[in-house]
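In this chain, residues are counted from 1 in sequence order. Remember, it's 1-based here, ligands and their atoms both numbered in the order they're listed.
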Amino acid sequence: MTVYGTRPEAIKVAPVIKAIEASDVLDSITVVTGQHREMLDQVNEIFEIAPDHDLDIFEHGASLSTIVARVLERLDPVLEAEKPAAVIVQGDTSTSTAAALAAFHRGIPVVHVEAGLRSGNILSPFPEEANRKITSQIAALHLAPTATSRANLQRESVADNDIVVTGNTVIDALLMTVEKKTPFTDPLLEDLADSGSRILLVTTHRRENWGGAMEGVGRALARLAKAFPDVQVVLPAHRNPVVREAVLPHLVGLDNVTVTEPLAYGEFTRLLSLATVVLTDSGGVQEEAPSLGKPVLVMRENTERPEAVDAGTVKLIGTDEERIVAEVTTLLTDRAAYEAMAQAANPYGDGAAAGRIVLRIERLVSGDSADDQDGLAV
Ligand code: UDP
């Protein structure tokens with residue numbers, strides 16, 4: 001049983017669900033919590049996944065505790081009725097940790113996809129760093145995307161046999177999707193693609209950036225749009241009104257800024273493939289962009305994804321307005337600086353993570369605890 005509730009989880013579990021559907025050993029049960037609504041449904045449609053159960057917990061402005069309480073309360077009867085052999089959760093959302101806890105309470109093994117990411121700061125990202133640590137305490141199987149995440153788990157005394165390095169499933173999802181070159185539904189984006197203009201692609205949503213930091217992002221974007229009239233700034237705006245109210249007022253009346261609704265995954269991957277520079281606070285986007293050779297500036301103070309920073313394709317720049325303007329300006333004006341970051345190498349995966357994951361889950365549910373021969377060689 002795979003339980004998921006937000007857009008990034010849906011994208012990252014979709015390849016796993018597809019691989020379970022193709023398995024001779026496993027049957028797939030899918031449960032969505034509805035922590036996100038439209039953004040989640042969009043991803044299910046693209047990957048042609050019709051969830052078996054929908055806990056429908058979404059409510060505008062729901063607190064983290066309400067989300068967790070609802071998942072616990074509404075998932076439990078589904079677990080009781082379906083009696084899954086294992087429950088798969090992904091990443092670090094409130095959905096994933098609450099679902100892991102619900103399964104743990106019923107003695108069902110928890111399989112954690114994208115295990116072992118650590119920023120080292122319990123308050124950033126919030127609440128994700130705490131969520132992922134809690135899930136690591138109760139998971140039976142830890143599917144680490146990279147050797148770094150495996151080392152984090154080993155440091156916390158997780159047994160070697162319970163960890164497999166699989167690569168990140170987001171690269172599976174990206175490669176399954178980007179080659180389709182999905183047409184844009186918004187004609188403005190199709191025109192922009194035809195124009196061949198340089199594109200600064202921006203996404204922002206992190207809870208710890210809400211408020212002052214996000215206002216600064218809005219002001220920085222406005223300054224950049226004015227300084228580079230030949231560059232098109234594109235911001236698929238997250239549905240959360242807190243994000244929109246902080247950023248969008250700064251962008252009113254700027255001709256070379258396009259604010260869109262959240263893009264369906266296929267459209268987003270196409271936009272990513274057309275972008276010149278990516279400015280984001282997203283986890284998934286910083287994992288995807290290096291596969292397409294796009295430099296990524298990350299608007300955060302720390303990261304649980306140091307691999308691409310070490311590889312030189314991602315740079316952590318924080319949320320200071322001056323710094324954002326300066327770093328984007330460098331990439332738009334200094335060819336050598338740009339070329340140095342624009343390498344199509346990806347430390348997060350090779351697009352074959354889901355197959356490794358399903359192989360290991362097949363062994364878990366058959367009671368075979370052999371060591372991690374199926375993992376990536378690292
Ligand atoms: N994404 C999308 N449409 C958009 C913006 C992002 O499909 O308009 C995808 C993106 O490709 C990535 C994921 O959503 O796979 C990232 O989600 P988000 O930034 O919301 O969450 P995070 O990865 O930070 O947890």
Side-chain angles (χ1 to χ4, degrees), residues 4-16 35-47 89-97 113-114 117 119 124-129 131-132 145 168-178 180 182 184-186 189 199 201-210 214 217 233-240 242-244 247 258-275 278-292 294 296 298-300 302-305 308 314 316 346 348-349 351 353:
Y4 57 107
T6 64
R7 174 177 66 192
E9 289 165 85
I11 291 168
K12 289 176 170 179
V13 296
V16 179
Q35 182 174 336
H36 285 170
R37 196 66 270 179
E38 297 95 330
M39 297 198 302
L40 169 73
D41 298 340
Q42 243 179 8
V43 180
N44 281 327
E45 271 166 41
I46 286 167
F47 287 96
V89 299
Q90 196 288 328
D92 47 28
T93 63
S94 297
T95 280
S96 82
T97 299
V113 173
E114 200 185 47
L117 273 62
S119 70
S124 175
F126 177 90
E128 289 90 346
E129 179 78 355
N131 284 342
R132 44 173 91 112
N168 197 311
T169 56
V170 80
I171 309 302
D172 302 31
L174 175 71
L175 300 184
M176 284 160 81
T177 311
V178 73
K180 294 183 187 156
T182 310
F184 293 117
T185 37
D186 184 339
L189 290 182
I199 294 173
L201 172 58
V202 186
T203 79
T204 180
H205 73 93
R206 288 247 93 78
R207 193 172 279 259
E208 67 272 15
N209 287 345
W210 288 1
M214 231 168 242
V217 173
V233 179
V234 184
L235 173 71
H238 201 271
R239 282 251 186 263
N240 196 315
V242 181
V243 175
R244 293 185 171 210
V247 179
T258 306
V259 177
T260 70
E261 291 303 310
L263 296 178
Y265 187 58
E267 297 188 41
F268 187 80
T269 58
R270 174 152 171 242
L271 189 59
L272 196 57
S273 74
L274 295 169
V278 180
L279 177 67
T280 188
D281 60 14
S282 160
V285 175
Q286 64 181 288
E287 290 159 341
E288 291 164 335
S291 277
L292 304 175
K294 307 298 176 178
V296 186
V298 175
M299 298 183 286
R300 287 184 48 192
N302 59 13
T303 184
E304 56 287 299
R305 297 174 170 87
V314 166
L316 277 186
N346 197 323
Y348 297 112

side-chain contact (heavy atoms from CB on, under 4.5 Å) assessment of L189 paired with T260: CA-CA 9 Å; L189 290 182; T260 70; 4.0 Å; yes
Would you please test Y4 and K12 for side-chain contact (heavy atoms from CB on, under 4.5 Å) and show each step? CA-CA 10 Å; Y4 57 107; K12 289 176 170 179; over 6 Å; no
Yes or no on side-chain contact (heavy atoms from CB on, under 4.5 Å) for V298 and T303, after CA distance, side-chain angles and deciding distance? CA-CA 9 Å; V298 175; T303 184; 5.7 Å; no
Please step through side-chain contact (heavy atoms from CB on, under 4.5 Å) for the pair M299 and V217, ending with a clear verdict. CA-CA 9 Å; M299 298 183 286; V217 173; 3.8 Å; yes
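When heavy-atom distances to ligand 1 are checked against a 4.0 Å cut-off, P236 comes that close only through its side chain, counted from C-beta outward. The proximity of H205 to ligand 1, defined as any non-hydrogen pair under 4.0 Å, is limited to the side chain.
Nearest protein heavy-atom neighbour of atom 9 (C) of ligand 1: I11 CD1, 3.6 Å. Given atom 14 (O) of ligand 1, the protein heavy atom at minimum distance is R7 NE, 3.2 Å. Counting only heavy atoms of the protein, atom 25 (O) of ligand 1 lies nearest to P8 CG, 3.5 Å.
N302 and S124 share a donor-acceptor pair across their side chains, judged by distance under 3.5 Å alone. Under the 3.5 Å distance criterion, with hydrogens and angles disregarded, no donor-acceptor pair is assigned to the side chains of Q286 and T280.
Per-residue contacts place P262 under 4.0 angstrom from the following atoms of ligand 1 (heavy atoms of the residue considered): 8 (O). In summary, the atoms of ligand 1 found under 4.0 Å from a heavy atom of L263, numbered by their order in the structure, are 2 (C), 3 (N), 4 (C), 7 (O), 8 (O). Applying the 4.0 Å criterion to heavy atoms of G283 picks out, from ligand 1, the atoms 22 (P), 23 (O), 24 (O). Ligand 1 places these atoms under 4.0 Å from at least one heavy atom of S282: 16 (C), 18 (P), 19 (O), 22 (P), 23 (O), 24 (O). Atoms of ligand 1 lying under 4.0 Å from any heavy atom of Y265, numbered from 1 in the order shown and given with element: 7 (O), 11 (O), 15 (O). Set against the non-hydrogen atoms of G284, the atoms of ligand 1 under 4.0 Å away are 22 (P), 23 (O). Those atoms of ligand 1 that come under 4.0 Å of a heavy atom in R206, given as number and element, are 24 (O), 25 (O).
Contact detail for K294 and L274: the closest heavy-atom pair is NZ-C, 4.3 Å. The shortest non-hydrogen separation linking P8 to H36 is CD-CE1, 4.2 Å.
The aromatic rings of H238 and H205 sit parallel to each other, their planes meeting at less than 30°, with 60° as the upper class boundary.
Looking at M39, R305, E288 and measuring to atom 11 (O) of ligand 1, the nearest heavy atom belongs to E288.
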